[in-house]
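Heavy atoms only: backbone and side chains are in, while hydrogens, waters and symmetry mates are out.
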Amino acid sequence: QVQLVESGGGLVQAGGSLRLSCVVSGRTFSRYSMGWFRQAPGEEREFVAVITRIGGNTRYADSVKGRFTISRDNAKDTMSLQMNSLKPEDTAVYYCAAEQSVRVLTSPTEYHYWGQGTQVTVSS
């Protein structure tokens, strides 16, 4: 069983930064493609960023490209999302997800394992 725990959410003013972390336990972390998704109230869960097993390939949603950076440390079983130049429209619950795959996975339906989510609120 894979367990994912997010941290790092909070309240920040527009233009500020936050760093989210996701710690994975239960299986060999390096076997998993890892993704970040977010869900605002009344909205569907949407793709934010993904990083492949050894970090050789990343992809971002157009809405966060150039502002967010996904990374992973396989030695520490941890994935991170550095979020800069935050906007009010970035406000959502952010989830990390894991799937044993070599592919770049951008749909939430492609992931089996999820964290509990961390709230990010950006004030204007």
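In this structure, the separation between CZ on R67 and NZ on K65 is 12.5 Å, given to the nearest 0.5 Å. Taking OG1 from T118 and CD from Q116, the interatomic distance works out to 7.0 Å, rounded to the nearest 0.5 Å. Rounded to the nearest 0.5 angstrom, R72 CZ and T58 OG1 are separated by 12.0 Å. In this structure, the separation between CG on N84 and CZ on R19 is 9.5 Å, given to the nearest 0.5 Å. Note that SG of C96 and CG of L81 are 10.5 Å apart. Values are rounded to the nearest 0.5 Å.
Looking only at distances, a side-chain donor or acceptor of E99 sits under 3.5 Å from a matching main-chain atom of H112. Under the 3.5 Å distance criterion, the side-chain polar atoms of R38 are left unmatched by any main-chain donor or acceptor of F47. Looking only at distances, no side-chain donor or acceptor of Q39 sits under 3.5 Å from a matching main-chain atom of E44. Put simply, the side chain of T121 never gets that close to the backbone of L11: no donor and acceptor are under 3.5 Å apart.
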>> Go through it in stages, so that I can follow the logic: the residues are R103 and E110, the test is salt bridge (Lys or Arg N to Asp or Glu O under 4.0 Å), and I'd like the CA-CA distance, side-chain angles, deciding distance and then a yes or no.
In response: CA-CA 10 Å; R103 298 188 297 121; E110 294 178 303; 3.7 Å; yes
> Given K87 and D90, is the salt bridge (Lys or Arg N to Asp or Glu O under 4.0 Å) satisfied, shown in steps?
Replying inline: CA-CA 5 Å; K87 304 175 181 179; D90 294 319; over 6 Å; no
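Residues V122 and T91 come closest through the heavy atom pair N-OG1, 2.9 Å. Shortest non-hydrogen contact noted between L105 and S101 is CD1-CB, 3.9 Å. Closest non-hydrogen pair, V102 versus S33, comes out as C-OG, 4.2 Å. Nearest heavy-atom pair across M34 and C22 is CE-SG, 4.2 Å. The nearest pair of heavy atoms linking M79 to I51 is SD-CG2, 4.2 Å. Closest approach of Q82 and S17 over heavy atoms only: NE2-CB, 4.0 Å.
For T78 and D73, the side-chain atoms include no donor-acceptor pair closer than 3.5 Å. Side chain to side chain, N57 and R59 fail the donor-acceptor criterion of an N or O pair below 3.5 Å. Between the side chains of Q100 and R31, no donor N or O sits under 3.5 Å from an acceptor N or O. For the residue pair T28 and S30, no side-chain donor N or O sits within less than 3.5 Å of a side-chain acceptor on the partner.
Considering F37, W36, Y111, Y60 in turn, Y111 is the only one that fulfils the side chain to side chain contact (heavy atoms under 4.5 Å, CB included) rule with V50.
Using the six-membered ring where Trp is involved, Y113 and Y32 have ring planes that are perpendicular, over 60° apart on the 30 and 60° scheme.
Cluster membership for L18 and Y95, using ILVMFWY side-chain heavy atoms within less than 4.5 angstrom, is not shared. If you chain together hydrophobic residues whose side chains sit under 4.5 Å apart, V93 and L4 never meet in one group. Cluster membership for Y94 and W114, using ILVMFWY side-chain heavy atoms within less than 4.5 angstrom, is not shared.
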